[in-house]
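Note sheet for the following structure.
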Amino acid sequence: MSKRTTYILGALLLCLFAAFAYASFRATVYQYVPFEKAVASGRTVQVAGGLEKGTSSYDDKEQALRFVIKEESSGKTMTVRYHGVKPGNFEDAVSIVAVGRYEPARTEFAAEKLLVKCPSKYQGAEVEEKVYD
């Protein structure tokens, strides 16, 4: 095999690896969209909002969690349904990111994954420091 053929084969393998990496990465990345676009898109997306206090209910038997999130920018609300174990400290959540798709027949967002952002344990540290000075 000549050097030129080796370089061409190497370049071809590199291109194939890059294409595979791009396709794999693209399949796991979901776009953040406002509630309005999530309803219209019909595909898997990410929505984010604050938990509306007192709206969550969890069925232990079916492992089904339902709650309402409120979009910060528009003030609109959306009902989210998630099947799985209820995340720890769910009721203390500052914001929730749900990955899934909107189901028009049920008028709710069916989440496949949840990311619950809880308040930091260091959040009040500066305030306490100033009080005791």
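None of these values were measured; they are calculated from a predicted model.
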Over 12 foreign heavy atoms within 6.0 Å of NZ, Lys70: no

Whether over 12 other heavy atoms sit under 6.0 Å from Lys53 NZ: yes

Roughly how far, to the nearest 0.5 Å, is [atom2] of [Y] from [atom1] of [X]?
X     : Y      : atom1 : atom2 : result
Ser57 : Arg66  : OG    : CZ    : 7.0 Å
His83 : Glu112 : NE2   : CD    : 12.0 Å
Leu65 : Asp60  : CG    : CG    : 10.5 Å

Show your working on ring-ring contact (aromatic ring centres under 6.0 Å, His included) between Phe90 and Phe67 and close with a plain yes or no. CA-CA 10 Å; Phe90 181 78; Phe67 56 94; 5.0 Å; yes

If we ignore angles and hydrogens, is there a donor and acceptor under 3.5 Å between the side chains of Ser56 and Glu91? yes

Answer yes if the side chains of Arg101 and Thr44 hold a donor-acceptor pair under 3.5 Å, and no otherwise. yes

Side chain Thr55, main chain Val68, donor-acceptor under 3.5 Å: yes

Are any side-chain N or O atoms of Thr107 and backbone N or O atoms of Glu103, one a donor and one an acceptor, separated by less than 3.5 Å? no

Between Val47 and Ala38, what is the shortest heavy-atom contact and its length? CG1-CB, 3.6 Å

Minimum heavy-atom distance between Ala48 and Tyr32, given as atom pair plus value: CB-CE2, 4.1 Å

Going through the checks in order, is the side chain to side chain contact (heavy atoms under 4.5 Å, CB included) test met by Phe17 and Leu12? CA-CA 9 Å; Phe17 176 74; Leu12 183 63; over 6 Å; no

Given side chains that start at C-beta, do those of Gln63 and Lys86 come closer than 4.5 Å, heavy atoms only? no

Do Glu52 and Ile69 come within less than 4.5 Å of each other through their side chains, counting heavy atoms only? no

Tell me whether [Y] is reachable from [X] by hopping between hydrophobic residues (I, L, V, M, F, W, Y) whose side-chain heavy atoms are closer than 4.5 Å.
X      : Y     : value
Val39  : Val80 : yes
Val116 : Met78 : yes
Leu114 : Tyr58 : yes

Electrostatic pair Lys76:Glu71 at N-O distance under 4.0 angstrom: no

Are the ring centres of Tyr102 and Phe35 closer than 6.0 Å? no

